[in-house]
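To keep things clear, I will list the structure first and then write my remarks on it.
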Amino acid sequence: LTVKVESDSPDPPQNLQLIPKSSTAILVKWSAPASKSPIIAYTIHWLQTEGRNSEQNEAVNVSQTEFLVTGLEPNTNYTFYMAAYTSKASSAKHSQQVV
């Protein structure tokens, strides 16, 4: 007997892109992930790779596939990651680093 349990967790957002718009702003773009349950929200998280490592995040409406992150420090490395949420679970994190 083999029992297969399907996860309620969605996949993370796909095709994550970070597009610099200025020395203090980055456009984050993504496409919707696969999920058995409807996605109800996304979160974008970012933190400086070195130095002050306080993480910041923003909840994003499920209808959006891009978000402009502003207020970044110039000439600073950041790591960004995103998660998708259903009413039952959250996805694993999908990350990308930018200079």
Side-chain angles (χ1 to χ4, degrees):
L1 175 66
T2 301
V3 176
K4 181 178 178 184
V5 177
E6 293 189 22
S7 171
D8 288 332
S9 297
D11 289 337
Q14 304 296 302
N15 305 313
L16 185 62
Q17 298 176 50
L18 303 173
I19 303 164
K21 291 298 191 179
S22 73
S23 63
T24 61
I26 290 182
L27 182 64
V28 181
K29 296 179 91 174
W30 66 92
S31 55
S35 176
K36 292 177 180 33
S37 299
I39 301 295
I40 60 170
Y42 298 109
T43 55
I44 300 173
H45 304 254
W46 63 96
L47 67 148
Q48 291 181 4
T49 305
E50 299 173 0
R52 196 182 87 232
N53 287 359
S54 62
E55 181 178 296
Q56 298 181 53
N57 64 70
E58 186 74 36
V60 181
N61 188 298
V62 68
S63 64
Q64 292 179 250
T65 56
E66 61 182 52
F67 183 83
L68 184 65
V69 175
T70 59
L72 302 174
E73 293 188 28
N75 304 312
T76 304
N77 292 337
Y78 285 86
T79 298
F80 286 78
Y81 67 87
M82 289 190 68
Y85 296 84
T86 67
S87 61
K88 298 179 181 181
S90 65
S91 69
K93 299 172 185 174
H94 182 168
S95 66
Q96 187 171 357
Q97 184 174 333
V98 67
V99 175

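Just so you know, these numbers come straight off a predicted model, no measurement behind them.
In this structure, the side chains of Ile39 and Thr86 come closer than 4.5 Å at one or more pairs of heavy atoms. Ile19 is not listed as a side-chain neighbour of Ile26, based on a closest heavy-atom distance of 4.5 Å or more. Leu27 has its side chain within reach of Glu66: a pair of non-hydrogen atoms, C-beta onward, lies under 4.5 Å apart. The shortest side-chain heavy-atom distance between Leu72 and Trp46 falls under the 4.5 Å cut-off.
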Exercise. Is there a side-chain contact (heavy atoms from CB on, under 4.5 Å) between Leu18 and Tyr78 once you walk through the steps?
Worked result: CA-CA 11 Å; Leu18 303 173; Tyr78 285 86; over 6 Å; no

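Checking Glu55 against Tyr81 by side-chain atom types alone, a donor-acceptor pair falls below 3.5 Å.
Taking both residues in full, the closest heavy atoms of Ala84 and Pro13 are given as N-CD, 3.8 Å, listed atom of the first, atom of the second, then distance. In terms of heavy atoms, Lys88 sits closest to Ser37 at CD-OG, 4.4 Å. Shown here for Ala25 and Leu68, the closest heavy-atom pair between the two residues is CB-CD1, 4.1 Å. Across all their heavy atoms, Asp11 and Gln14 have their closest contact at CB-NE2, 3.9 Å.
Of the inter-residue distances, the one linking Gln17 atom CD with Phe80 atom CZ reads 13.5 Å to the nearest 0.5 angstrom. Between the OG1 atom of Thr43 and the CE atom of Met82 there is a distance of 7.0 Å, given to the nearest 0.5 Å.
When the side-chain hydrogen bond (donor to acceptor under 3.5 Å, both in side chains) test is applied to Ser31, the partners found at least two apart in sequence or on another chain are Asn15.
Atom CG of Asn61 sits in a crowded spot, with more than 12 heavy atoms from other residues, nucleotides or ligands closer than 6.0 Å.
For residues 23-42, every residue pair satisfying the ring-ring contact (aromatic ring centres under 6.0 Å, His included) rule, not counting sequence neighbours, is listed here: Trp30-Tyr42.
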